[in-house]
Protein chains: 2
Amino acid sequence: MQGGSSGGQRSQRVTISDLARRLDISKASVSYALNGRSGVSEETRQRVLSLAAELGFHPNSAAVALSASRTRTIGIVIARDPALISTEAFYMRTLVGIEQYLNEVDSSLLLRLTGEQGQDLDVLRRWSRQGRVDGFILFDEHNDDPRIPLLKELGVPCVVVSSNAPDDGVGRLISSPEQTVRLLVGHLEELGHKEIAHVSGPFTFVHEQLRVKLLKEHAEARGIRVTHLEGNYQYADGAALTRKLLKSKKRPTALVLGNDLMAVAALRVAVELGTAVPDELSIIAWDDSPLCELALPGITAVDQQTMERGRMAADLLFRIAAGESGLHWETPSGVLRVRDSTAPA
Amino acid sequence: MQGGSSGGQRSQRVTISDLARRLDISKASVSYALNGRSGVSEETRQRVLSLAAELGFHPNSAAVALSASRTRTIGIVIARDPALISTEAFYMRTLVGIEQYLNEVDSSLLLRLTGEQGQDLDVLRRWSRQGRVDGFILFDEHNDDPRIPLLKELGVPCVVVSSNAPDDGVGRLISSPEQTVRLLVGHLEELGHKEIAHVSGPFTFVHEQLRVKLLKEHAEARGIRVTHLEGNYQYADGAALTRKLLKSKKRPTALVLGNDLMAVAALRVAVELGTAVPDELSIIAWDDSPLCELALPGITAVDQQTMERGRMAADLLFRIAAGESGLHWETPSGVLRVRDSTAPA
DNA sequence: CTGAAAGCGCTTACAG
DNA sequence: CTGAAAGCGCTTACAG
């Protein structure tokens, strides 16, 4: 055994001590040079930088984290049924958006998919205490979401990809459904629908409550009646609720479904019951995806600009972590992708 | 300012020094107790553990990583077009599987989606040098994949979710397409198809080359002719290639498409050209997804057990990181989900 | 069984 | 502009 301290296999890592020794300067100077701080002559800085590049030096992240309390890592913990997570393109699209930003600022994402609820709180707590992340991005806000007070107490920044905006001092990416509702109602009104149904996602989600409330308000203001049913985002549920709606006496002429999966289910059930789409029934999905795009007929859907939202969430989080406080940003408004599943009533 | 060293906001973190002080023992004893090492009396261990629990102590991950060179983190870097990543449920399903394992062993996933190829090598190198991860799981192996020699040189363990098995000393999760091919060919033979076409994914992927080769061999051994075309996994490409095939003189009676998106495209084009599916044309997708399940007719597809493969990959990586070397595991064989897109020739 | 001490690789006041 | 030194919070031989 020669020279090696611990590692063994791993090729000798280059440290700032190595750089300092080779250049015959102090570790501090190397650190200053590397971090663009004042305290070194321009000449020394260049010598350090070029040697670092030559040797392929990258600072040990643990050491940086330990001494500077900065991890360049954000955490995301998703507590949803694994089956749903992989089915809903929403999550992956958001992650892609977040990653776009992370690539730009060379930061990383620590990801944990805890199947069950409750477990996510543990992970949040642990990662915070462990100093593993600089902050969190939170999805799927609930009523009285326990994660928010927890993170406040732990003193870790977070951004809620949310839809309401209580002034509680945490970062929020606000995407009010108001604009989306306007698009939906406008489209349905133009087509002359008077009796519609809304199969929402679970009411436990803050954004679903808002959607239901706003859709009702806006629609009724235009003389459109809304029947609301609560769904759970699953295919089977969308199918069952659609069946129920289509068999009721006051049959709606248009259906708004909370996500793509339920919208496809509605389409299927309509076909099955011999209800022509879009001639006898219009269908709209509240979130766009390949499933909507590739359905037959293509399903009119709201493109929520999910990737862009992810990007913004990451951006916002880094600003908050850098000291700007209580920021609230509005997301770009959604876009209605009109396809073949909607037609005049 | 009182007492606080740096943090400021963040609620006072509990450290082993705090525990040691309160219990009036040394930091070493606390560490031993916490890590289940010998060197403390059972009584002391219990006192440490209960105080730790009481105070919500969690060891600073940077400190652990720095002193023990163990991060409890695995890295995944995916260099694919973001659009494709969010479209292919494959990735998310694999991540879910990996996460299942990580949850069990309380480890984490560091994820980076670099849009372009080439960039992924940088991230691999940087994370390795930075000591950010204990190892990597690699997807989408290419011919002479530069990632493998790079990680070897860096001395970082990795598992290739792969399909071939060169004996190159890195961990490999082997999922030979052989079994899948057998399923596919068996199904098509039973249905009496004699002339089929295979629209594969890009040849740059090792697993696609294998699929093409094996499908050809097995089919021809049963007297089935195979026409092969190389696709790129995108909808548009699947559509174009299908159009080409259906217009050729030697029209195949069955199509095998490399992924779900191309299979849906094939279905669409068939409908458009007035070719009845499955009566005049059978369609099979090499990877299952909701898209296949929810298409009309439902598309017969190979369920690759993606989640289970993800789980195994993580398991394997941890074993390798723990010292077991050059492990090769076989994944469970795929399952053919027969739906309505396949029928007798 | 237990403690004092060195060390992991950085950063950051603090003196020169 | 530069260096010596302490410190971040752990782990780990090494003595008792």
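All chains are named by letter (A, B, ...) in the order of the sequence lines, taking the proteins before the strands, and each is independently numbered beginning at 1.
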Say whether Thr114(B) and Asp120(B), considering side chains only, have a donor N or O and an acceptor N or O under 3.5 Å apart.
no

Apply salt bridge (charged side-chain N to carboxylate O under 4.0 Å, His left out) to the pair Arg319(B) and Asp315(B), showing each step before the final yes or no.
CA-CA 6 Å; Arg319(B) 284 171 198 256; Asp315(B) 189 352; 3.0 Å; yes

Find the distance Phe57(B):CZ to dG9(D):P and express it as a whole number of Å.
11 Å

Do the side-chain N or O atoms of Asn60(A) get closer than 4.0 angstrom to the phosphate oxygens (OP1, OP2) of dC8(C)?
no

So OG1 of Thr44(A) and OH of Tyr32(A): to nearest 0.5 Å the spacing works out to 13.5 Å

Between Glu308(B) and Gln100(B), does a side chain to side chain contact (heavy atoms under 4.5 Å, CB included) hold up when you go through it step by step?
CA-CA 9 Å; Glu308(B) 178 57 18; Gln100(B) 281 177 0; 5.7 Å; no

Less than 3.5 Å apart, any donor N or O on the side chain of Gln46(A) or Glu42(A) sitting next to an acceptor on the other?
yes

Is there a side chain to side chain contact (heavy atoms under 4.5 Å, CB included) between Arg172(B) and Ile148(B)? Walk through the geometry before answering.
CA-CA 11 Å; Arg172(B) 282 179 180 278; Ile148(B) 298 181; 3.3 Å; yes

What nucleotide, of dC10(C), dT11(D), dT12(C), holds the atom closest to the side chain of Val64(A)?
dC10(C)

Spacing of Asn35(B) atom CG relative to dG9(D) atom P, expressed in whole Å:
17 Å

Would you kindly give the CZ-to-P distance between Arg13(A) and dG9(C), to the nearest whole Å?
9 Å

Interatomic spacing from CG in Asn60(A) to CZ in Arg132(B) - rounded to 0.5 Å:
10.0 Å

Any protein N or O atoms within reach of nucleotides 2-5 of chain D? Criterion: under 3.5 Å, listing atom names and distances.
residue: dT2(D); atom: OP1; partner: Thr44(A); partner atom: OG1; Å: 3.4
residue: dT2(D); atom: OP2; partner: Ser41(A); partner atom: N; Å: 2.6
residue: dT2(D); atom: OP2; partner: Ser41(A); partner atom: OG; Å: 3.3
residue: dT2(D); atom: OP2; partner: Thr44(A); partner atom: OG1; Å: 3.3
residue: dG3(D); atom: OP2; partner: Ser26(A); partner atom: N; Å: 3.1
residue: dG3(D); atom: OP2; partner: Ser29(A); partner atom: OG; Å: 3.1

What is the distance, rounded to the nearest whole Å, between atom CZ of Arg72(B) and atom C1' of dC10(D)?
15 Å

With the side chain defined as heavy atoms from C-beta on, Arg37(B) is closest, among dT12(C), dC10(D), dT12(D), to dT12(D)

Nearest 0.5 Å, what's the CZ-CG distance between Arg112(A) and Leu102(B)?
6.5 Å

Where do Thr306(B) and Arg311(B) land on the side chain to side chain contact (heavy atoms under 4.5 Å, CB included) test, with the steps shown first?
CA-CA 9 Å; Thr306(B) 321; Arg311(B) 231 193 143 288; over 6 Å; no

Have a look at Thr15(B) and say if it touches a base, only the backbone sugar-phosphate, or nothing, with a 4.0 Å heavy-atom cut-off.
sugar-phosphate

Whole-Å gap separating P (dC10(D)) and CD (Gln130(A)):
10 Å

Would you mind telling me which of dT11(D), dG9(D), dT11(C) lies closest to the side-chain atoms of Ser67(A)?
dT11(C)

Which whole-number value in Å describes the distance from Arg70(A) CZ to dT12(C) C1'?
13 Å

Hey, what's the ring geometry for Phe90(B) with Phe139(B), parallel, tilted or perpendicular (30° and 60° as the breaks)?
perpendicular

Check DNA chain D for consecutive Watson-Crick or G-U pairs with both distances under 3.5 Å and list the runs of at least three as stems.
C:1-3 with D:14-16, C:5-12 with D:5-12, C:14-16 with D:1-3

Think Ser31(B) has a side-chain N or O under 4.0 angstrom from the OP1 or OP2 of dC10(D)?
no

From the candidates dC10(D), dC10(C), dT11(D), the one with an atom nearest any side-chain atom of Pro59(A) is dC10(C)

What's the CZ-P distance between Arg132(B) and dG9(C), to the nearest Å?
17 Å

To the nearest Å, how far apart are Leu66(B) CG and dG7(D) P?
17 Å

